[in-house]
Amino acid sequence: MNRSDLVSDISLRTGFTKKDISKIVEAYENSVIDAIRNGDSVLLQGFMRIERKIKKEYIGHSFGAKDRKIVPEHEYVKIRPGSTLADCIK
(Lines give C-alpha, C1' and ligand atoms only; values in the text may rest on other atoms or scores of the structure.)
Protein backbone atom coordinates (compact mmCIF):
# COMPACT_ATOMS: atom_id res chain seq x y z
CA MET A 1 0.00 0.00 0.00
CA ASN A 2 1.45 3.35 -0.98
CA ARG A 3 0.53 6.83 0.29
CA SER A 4 -2.21 7.34 -2.30
CA ASP A 5 -3.81 3.98 -1.44
CA LEU A 6 -3.63 4.81 2.27
CA VAL A 7 -5.33 8.19 1.74
CA SER A 8 -8.07 6.56 -0.36
CA ASP A 9 -8.67 3.81 2.20
CA ILE A 10 -8.89 6.23 5.14
CA SER A 11 -11.18 8.47 3.10
CA LEU A 12 -13.55 5.57 2.43
CA ARG A 13 -13.54 4.49 6.09
CA THR A 14 -14.10 7.96 7.56
CA GLY A 15 -16.12 9.83 4.95
CA PHE A 16 -13.63 12.72 4.88
CA THR A 17 -12.32 13.99 1.56
CA LYS A 18 -9.04 12.73 0.15
CA LYS A 19 -7.70 16.28 0.30
CA ASP A 20 -8.40 16.50 4.06
CA ILE A 21 -6.93 13.06 4.72
CA SER A 22 -3.84 13.95 2.69
CA LYS A 23 -3.30 17.01 4.91
CA ILE A 24 -3.70 14.85 8.03
CA VAL A 25 -1.20 12.25 6.77
CA GLU A 26 1.30 15.00 5.91
CA ALA A 27 0.84 16.57 9.36
CA TYR A 28 1.38 13.15 10.98
CA GLU A 29 4.58 12.61 9.00
CA ASN A 30 5.88 16.07 9.94
CA SER A 31 5.06 15.50 13.62
CA VAL A 32 6.94 12.19 13.65
CA ILE A 33 9.94 13.73 11.86
CA ASP A 34 10.06 16.67 14.29
CA ALA A 35 9.84 14.35 17.31
CA ILE A 36 12.67 12.12 16.03
CA ARG A 37 14.84 15.17 15.22
CA ASN A 38 14.33 16.41 18.79
CA GLY A 39 15.37 13.05 20.23
CA ASP A 40 11.88 12.02 21.32
CA SER A 41 10.30 8.68 20.54
CA VAL A 42 6.82 8.26 19.07
CA LEU A 43 4.63 5.61 20.69
CA LEU A 44 1.30 4.52 19.28
CA GLN A 45 0.25 2.18 22.10
CA GLY A 46 -0.15 -1.37 20.82
CA PHE A 47 0.69 -0.39 17.25
CA MET A 48 4.30 0.76 16.97
CA ARG A 49 7.20 2.64 18.52
CA ILE A 50 9.50 4.85 16.46
CA GLU A 51 12.70 5.99 18.14
CA ARG A 52 16.12 7.41 17.44
CA LYS A 53 19.04 5.18 18.43
CA ILE A 54 22.83 5.41 18.40
CA LYS A 55 24.88 2.57 16.98
CA LYS A 56 28.35 2.38 18.50
CA GLU A 57 31.51 2.25 16.43
CA TYR A 58 32.37 -1.24 15.19
CA ILE A 59 34.68 -3.06 12.82
CA GLY A 60 32.87 -3.94 9.62
CA HIS A 61 34.11 -6.35 7.00
CA SER A 62 33.35 -7.32 3.45
CA PHE A 63 33.27 -11.07 2.88
CA GLY A 64 34.17 -10.83 -0.80
CA ALA A 65 37.19 -8.53 -0.42
CA LYS A 66 38.07 -9.67 3.11
CA ASP A 67 38.45 -6.00 3.98
CA ARG A 68 38.02 -4.60 7.49
CA LYS A 69 36.99 -1.01 8.12
CA ILE A 70 36.02 0.93 11.20
CA VAL A 71 32.41 2.05 10.92
CA PRO A 72 32.00 5.22 13.01
CA GLU A 73 29.26 5.73 15.59
CA HIS A 74 26.05 6.85 13.90
CA GLU A 75 22.37 7.45 14.55
CA TYR A 76 19.48 5.55 13.00
CA VAL A 77 15.71 5.26 13.31
CA LYS A 78 14.33 2.09 14.87
CA ILE A 79 10.72 1.04 14.31
CA ARG A 80 9.33 -1.67 16.58
CA PRO A 81 5.90 -3.18 16.00
CA GLY A 82 3.43 -3.21 18.87
CA SER A 83 1.36 -6.21 19.89
CA THR A 84 -1.62 -5.32 17.67
CA LEU A 85 0.57 -5.01 14.59
CA ALA A 86 2.59 -8.13 15.43
CA ASP A 87 -0.56 -10.19 16.09
CA CYS A 88 -2.01 -9.49 12.63
CA ILE A 89 0.48 -11.90 11.02
CA LYS A 90 -0.01 -14.79 13.43
Side-chain angles (χ1 to χ4, degrees):
M1 176 181 280
N2 62 28
R3 181 188 176 109
S4 175
D5 296 337
L6 179 66
V7 168
S8 295
D9 186 53
I10 294 172
S11 177
L12 287 173
R13 291 174 188 249
T14 62
F16 292 109
T17 65
K18 288 182 182 180
K19 187 176 181 180
D20 290 340
I21 298 299
S22 185
K23 287 179 185 177
I24 292 169
V25 170
E26 186 174 335
Y28 169 76
E29 290 172 351
N30 291 333
S31 294
V32 170
I33 289 169
D34 290 343
I36 297 301
R37 278 190 182 136
N38 294 331
D40 298 331
S41 63
V42 177
L43 173 64
L44 299 174
Q45 191 69 37
F47 189 65
M48 79 170 82
R49 175 189 297 263
I50 306 169
E51 54 193 340
R52 185 178 186 167
K53 296 290 225 175
I54 297 175
K55 188 160 192 159
K56 294 182 180 179
E57 180 179 280
Y58 64 95
I59 298 174
H61 59 280
S62 171
F63 292 108
K66 297 183 181 178
D67 247 3
R68 291 185 181 257
K69 294 181 182 177
I70 295 178
V71 179
E73 182 177 275
H74 61 279
E75 294 179 311
Y76 66 99
V77 175
K78 181 176 183 178
I79 301 173
R80 294 187 334 193
S83 57
T84 306
L85 189 58
D87 288 346
C88 75
I89 59 170
K90 290 182 180 178

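- The backbone N or O of D40 sits nowhere less than 3.5 Å from a side-chain atom of N38 that would complete a donor-acceptor pair.
- Using a distance-only test at 3.5 Å, with no hydrogens or angles considered, no donor-acceptor pair links the side chain of D9 to the main chain of D5.
- Both L44 and I36 belong to a common hydrophobic cluster when Ile, Leu, Val, Met, Phe, Trp and Tyr are linked at side-chain heavy-atom distances under 4.5 angstrom.
- Although no hydrogens or angles enter the test, the distance criterion places a donor-acceptor pair under 3.5 Å between the side chain of S11 and the main chain of F16.
- Looking at T14, V7, L12 one by one, the single match for side-chain contact (heavy atoms from CB on, under 4.5 Å) with I10 turns out to be T14.
- Residue pairs meeting the side-chain hydrogen bond (donor to acceptor under 3.5 Å, both in side chains) criterion with at least one member in residues 67-86, sequence neighbours excluded: R52-E75.
- Cluster membership check: I79 does not share its hydrophobic cluster with I33, using side-chain heavy-atom separations under 4.5 Å among Ile, Leu, Val, Met, Phe, Trp and Tyr.
- When hydrophobic clusters are built by joining Ile, Leu, Val, Met, Phe, Trp and Tyr residues whose side-chain heavy atoms come closer than 4.5 Å, directly or via intermediates, L85 is grouped together with V77.
- I21 contributes atom CD1, which lies 4.5 Å from atom CD1 of I24 (distance to the nearest 0.5 angstrom).
- Counting heavy atoms of neighbouring residues, nucleotides and ligands inside a 6.0 Å radius, atom CD of Q45 does not exceed 12 of them.
- S22 places no side-chain N or O within donor-acceptor distance of the main-chain N or O of K18, the cut-off being under 3.5 Å.
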